Amino acid sequence: MGVQLVAEVTPRPGDLIRSIQTKGGETLTVGALPYLSERRLVKAADLLGGEVSDWRQKYREGMEFFLGKLAAGFQPGHVNMLMLHATLDGSQPSGSEKTMQFHLDNAYTLSPENLPRAAQYVAMGHIHRPQQAGSAPLAHYPGSVIQLDFGEGGEKKQVNLVEVSPGQPARVIPIPLGSGRELRTIRVPLDQVEARLERESQKKDGALLKVLVEAPLARQLRA
């Protein structure tokens with residue numbers, strides 16, 4: 001299928017840079033930085049004794065080092081893009097990412113200003129809600145392609161078609177996705193569970209349900 005994987009960061013920056021010849025004769029150069037654990041960039045001793053602002057700065061300095069190595073591999077006359085698994089300031093998480101809220105509010109995020117300006121487009125991963133994350137350079141989270149858990153119920157999913165030529169601004173075209181089973185959460189009183197589930201089954205839309213049953217247990221316990 002021609003798929004290339006960059007699975008881990010190595011001491012050789014060239015391992016993170018891949019060039020692909022397109023059918024039109026252009027060359028696409030991609031600098032790919034997989035998820036880099038904050039614990040590899042911020043020592044445990046720092047976490048125990050430092051302020052949140054210090055953690056953030058050390059994390060950003062470490063990430064900027066690697067991003068600079070990737071940008072050094074960009075070539076004139078190529079389409080130069082960056083693929084990055086990280087969280088940018090201001091990103092809006094999906095309902096499935098509530099456990100990430102500490103990272104979003106505190107230490108382990110990057111500013112869009114940390115992204116190398118030489119990149120014509122930055123394809124982001126880590127946040128499941130599709131959104132634009134930066135403008136200079138242009139950066140987008142396409143989001144997850146299906147609803148991954150019930151926290152993403154009701155979210156519309158998409159992929160991004162990116163049109164870009166050497167030296168020209170990228171154009172991003174969202175393509176809505178209709179595949180995957182919808183995840184739906186319903187709340188229903190205990191005495192209405194059977195009737196509600198019967199109505200849901202008649203929809204025949206293949207949705208997976210999370211049923212929250214509202215039962216008057218407090219009154220029963222007092223009795």
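Everything numeric in this text was worked out from a predicted model, so none of it was measured.
Listed here is the closest heavy atom pair of G73 and I17: CA-CD1, 3.5 Å. Of all non-hydrogen atoms in N160 and Q158, the two that sit nearest each other are OD1-NE2, 2.9 Å. For the pair P130 and P142, the tightest heavy-atom approach, listed with the atom from each and the gap, is CB-O, 3.3 Å. Between P116 and A71, the shortest heavy-atom contact is CB-CB, 3.7 Å. Shortest non-hydrogen contact noted between P112 and A133 is CG-O, 3.6 Å.
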So D89 and T109, side chain to side chain donor-acceptor pair (under 3.5 Å) or not? Walk me through it.
CA-CA 6 Å; D89 289 341; T109 62; 2.5 Å; yes
Given side chain to side chain contact (heavy atoms under 4.5 Å, CB included), test N114 with M63 step by step and report yes or no.
CA-CA 8 Å; N114 296 130; M63 291 293 286; over 6 Å; no
In sequence, state the C-alpha distance, the side-chain angles, and the governing distance for Y59 and L110, and then conclude on side chain to side chain contact (heavy atoms under 4.5 Å, CB included).
CA-CA 8 Å; Y59 175 76; L110 290 175; 4.3 Å; yes
Side chain to side chain donor-acceptor pair (under 3.5 Å) between T27 and Q75: does it pass, once the steps are laid out?
CA-CA 9 Å; T27 301; Q75 300 295 325; over 6 Å; no
How far apart are the C-alpha atoms of V172 and Y121, what are their side-chain angles, what is the distance that settles it, and do they pass the side chain to side chain contact (heavy atoms under 4.5 Å, CB included) test?
CA-CA 9 Å; V172 179; Y121 179 73; 3.5 Å; yes
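A salt bridge is defined here as a Lys NZ or Arg NE, NH1 or NH2 lying under 4.0 Å from an Asp or Glu carboxylate O, and E64 with R60 fails to meet this definition. Note on E61 versus K58: no salt bridge recorded, every NZ/NE/NH1/NH2 to OD/OE distance being 4.0 Å or above.
Note that the CD atom of E214 and the CG atom of D191 stand 10.5 Å from one another [nearest 0.5 Å]. In this structure, the separation between CG on L82 and CE on M124 is 8.0 Å, given to the nearest 0.5 Å. To the nearest 0.5 Å, the span separating CG on L208 from CZ on R181 amounts to 4.0 Å. To the nearest 0.5 Å, the span separating CG on L84 from OH on Y141 amounts to 7.0 Å. Separation of atoms CG (L88) and CD1 (I127) is listed at 8.5 Å; rounding is to 0.5 Å. Here the NZ-CD distance, from K156 to E182, works out to 6.5 Å after rounding to the nearest 0.5 Å.
Sparse packing is recorded around NZ of K204, with 12 or fewer heavy atoms of other residues, nucleotides or ligands lying under 6.0 Å away. The local environment of CD in Q21 is crowded, with over 12 non-hydrogen atoms from other residues, nucleotides or ligands closer than 6.0 Å. Counting heavy-atom neighbours within 6.0 Å of M83 CE, excluding the residue itself, gives a total of 12 or less.
Both V9 and V122 belong to a common hydrophobic cluster when Ile, Leu, Val, Met, Phe, Trp and Tyr are linked at side-chain heavy-atom distances under 4.5 angstrom. V162 and I175 are assigned to two separate hydrophobic clusters, defined by single-linkage of ILVMFWY side chains at heavy-atom distances under 4.5 Å. I146 and L183 are assigned to two separate hydrophobic clusters, defined by single-linkage of ILVMFWY side chains at heavy-atom distances under 4.5 Å. Cluster membership for F65 and L36, using ILVMFWY side-chain heavy atoms within less than 4.5 angstrom, is shared. I173 and L177 fall within a single hydrophobic cluster, where Ile, Leu, Val, Met, Phe, Trp and Tyr side chains are chained together by heavy-atom contacts under 4.5 Å.
A donor-acceptor distance shorter than 3.5 angstrom exists from the side chain of Q120 to the backbone of S165, with no hydrogens or angles considered. For the pair R184 (side chain) and G153 (backbone), a donor-acceptor distance under 3.5 Å is absent. Of the possible donor and acceptor atoms, none in the side chain of Q147 sits under 3.5 Å from a partner among the backbone N and O of D149. Here the side chain of Q131 pairs a donor or acceptor atom with the backbone of Q92 at under 3.5 angstrom. Listed for the R129 side chain is a donor-acceptor partner under 3.5 Å among the backbone atoms of P93.
Note: H126 and H85 have tilted aromatic rings, judged against thresholds of 30 and 60 degrees for the angle between ring planes.
For the side chain to side chain contact (heavy atoms under 4.5 Å, CB included) criterion with R196, the lone passing option out of E198, E200, E194 is E200.
Side-chain contact between L197 and V188 is absent, with no heavy-atom pair separated by less than 4.5 Å. When side chains are defined from C-beta on, R117 counts as touching P137, because their heavy atoms get closer than 4.5 Å. With a 4.5 Å cut-off on side-chain heavy atoms, L16 and K69 do not count as touching.
A donor and an acceptor atom, one from each side chain of S94 and E155, are located under 3.5 Å apart.
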